[in-house]
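For ligands, and for the atoms within them, numbers begin at 1 and follow the listed sequence. Keep in mind that what you see is a predicted model, and the values were worked out from it rather than measured. Hydrogens, waters and symmetry mates are skipped; everything else that's a heavy atom, side chains included, is used.
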Amino acid sequence: MTERLEADAAGIAQAAAVLRKGGLVAFPTETVYGLGALATDDAAIARLFAAKGRPAHNPLILHVARPALAHEFAAFDARAERLAAAFWPGPLTLVLPLRREAGIAHAATAGLDTVAVRVPRHPTAVELLEAVGGPVAAPSANRSGRVSPTTAAHVLADVDGRIDLVLDAGPVEVGIESTVLDLSRVDARILRPGSITRAAIEAIIGPLDAGETAADEPLRSPGLLARHYAPKTPLRLDAVSVAEDEALLAFGPRPLEGAGWTLNLSPTGDLEEAARNLYAMLRELDAVGARRIAVMRLPEGGLGEALGDRLRRAATA
Ligand code: AMP
Ligand code: MG
């Protein structure tokens with residue numbers, strides 16, 4: 001059984017103690033619920049990969065309470081400093097050269113000579129990380145390949161009995177995973193789009209490598225598998241009509257008519273609201289017994305890039 005604790009001072013203190021001893025703790029960040037393990041503890045990291053069923057070649061993001069703690073194991077250049085100043089705490093992950101002497105578990109970086117790091121802004125995450133003191137690896141708290149959790153109930157639906165405890169602070173704020181930016185080479189590149197947009201990053205460090213995200217280049221970011229974030233029911237994107245045995249994931253003020261079940265990501269057409277609702281609504285529609293989930297087209301720019309990325313992965317059979 002996995003213990004579920006309120007994210008109050010006592011709950012956070014207990015969770016920090018479990019992490020320091022090498023246990024597994026799910027906790028809220030502003031993006032999704034993460035599954036934490038102490039990044040300097042080889043056995044804890046091995047347990048984390050096992051609990052998620054995560055392939056060993058998929059490296060983890062390390063979370064710290066303050067930027068100064070990231071400098072202990074990651075090498076920052078001027079671009080990294082400027083981005084950290086602009087967006088931390090917040091949902092931007094930087095991939096930087098690893099300082100090997102820092103003692104990060106080999107498995108946490110999947111043996112790479114780079115490391116992914118971020119400073120989250122959710123108050124529970126910040127307090128927990130501050131209490132732990134060291135870096136905590138925290139991928140999304142779901143079984144590998146499944147939809148990321150945005151509530152403690154989602155966490156338990158996926159990994160109950162496989163982790164020690166979950167800190168419950170209610171639904172998260174952003175709803176999709178952090179933007180991952182690779183700064184380990186001269187050409188900065190987005191490996192995974194998120195709510196910190198391409199335009200916001202370019203405003204700080206200038207033009208990014210034009211290309212696509214790294215889904216088509218697995219060695220650059222081993223975790224960016226084409227199929228990910230996926231419900232069990234097949235997904236059909238850019239629907240312009242819908243059948244009675246289909247569930248509809250709608251967007252905007254004019255949802256298609258005729259579906260057996262409909263949920264609307266944002267009746268007002270607000271992309272931030274859509275991001276917050278995306279995973280919970282995919283889970284809900286996955287459970288209704290529809291033949292397929294039809295998804296209406298979303299706008300493409302800004303946060304639409306991240307939403308489109310998650311939907312395309314969820315639709316990849
Ligand atoms: P998750 O923790 O499941 O949200 O995924 C973390 C993402 O960050 C995955 O797509 C990883 O491939 C990526 N990532 C983590 N560490 C690195 C790294 N050192 N180099 C490139 N990508 C990384
Ligand atoms: Mg994940």
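Judged purely by distance below 3.5 Å, without hydrogens or angles, the side chains of His122 and Glu127 never pair a donor atom with an acceptor atom. Judged purely by distance below 3.5 Å, without hydrogens or angles, the side chains of Thr93 and Ser178 pair a donor atom with an acceptor atom. Between the side chains of Asp270 and Thr268, no donor-acceptor pair is found at a separation under 3.5 Å.
Under the 4.0 Å criterion applied to side-chain N and carboxylate O atoms, Arg198 and Glu305 are assigned as salt-bridge partners. By the 4.0 Å N-to-carboxylate-O rule, Arg143 lies too far from Asp158 to be salt-bridged with it. Salt-bridge check for Arg118 with Glu177: failed, with every basic side-chain N at 4.0 Å or more from each acidic carboxylate O. For the pair Asp187 and Arg189, the salt-bridge criterion is not met [side-chain N within less than 4.0 Å of a carboxylate O]. Using a cutoff of 4.0 Å between basic side-chain nitrogens and carboxylate oxygens, Arg4 and Asp168 are scored as salt-bridged.
Near Pro139, with a cut-off below 4.0 Å to any heavy atom, the atoms of ligand 1 are 2 (O). The atoms of ligand 1 that sit less than 4.0 Å from any heavy atom of Leu112 are 18 (C), 19 (N), 20 (N). Within ligand 1, counting atoms from 1 as listed, the ones closer than 4.0 Å to a heavy atom of Leu191 are 21 (C), 22 (N). Remark: ligand 1 atoms within the under-4.0 Å shell around heavy atoms of Ala116 are 15 (C), 16 (N), 17 (C). Atoms of ligand 1 lying under 4.0 Å from any heavy atom of Arg54, numbered from 1 in the order shown and given with element: 1 (P), 2 (O), 3 (O), 5 (O), 6 (C). Within ligand 1, counting atoms from 1 as listed, the ones closer than 4.0 Å to a heavy atom of Asn58 are 9 (C), 11 (C), 12 (O). Taking every heavy atom of Arg192 and a limit of under 4.0 angstrom, the matching atoms of ligand 1 come to 1 (P), 4 (O), 5 (O), 6 (C), 7 (C).
Among protein atoms, those of element N, O or S found less than 2.8 Å away from the Mg ion (ligand 2) are Ser140 OG.
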Under 3.5 Å donor-acceptor pairs involving side-chain atoms of residues 34-48, not counting sequence neighbours:
| residue | atom | partner | partner atom | Å |
| --- | --- | --- | --- | --- |
| Asp41 | OD1 | Ala43 | N | 3.0 |
| Asp41 | OD1 | Ala44 | N | 3.0 |
| Arg47 | NH1 | Gly22 | O | 2.3 |

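Where the criterion is an N or O separation shorter than 3.5 Å, residue side chain and backbone included, Glu177 fails it with respect to ligand 1.
The option from Leu60, Leu35, Thr114 that lies nearest to atom 19 (N) of ligand 1, judged by heavy atoms, is Thr114.
A distance of 6.0 Å or more separates the ring centres of His154 and Tyr279.
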Decide side chain to side chain contact (heavy atoms under 4.5 Å, CB included) for Leu60 and Phe49; before the verdict, give the C-alpha distance in whole Å, the side-chain angles of both, and the deciding distance to 0.1 Å. CA-CA 9 Å; Leu60 305 173; Phe49 274 91; 3.7 Å; yes
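Distances shorter than 4.0 angstrom do not occur between any heavy atom of Thr109 and any atom of ligand 1.
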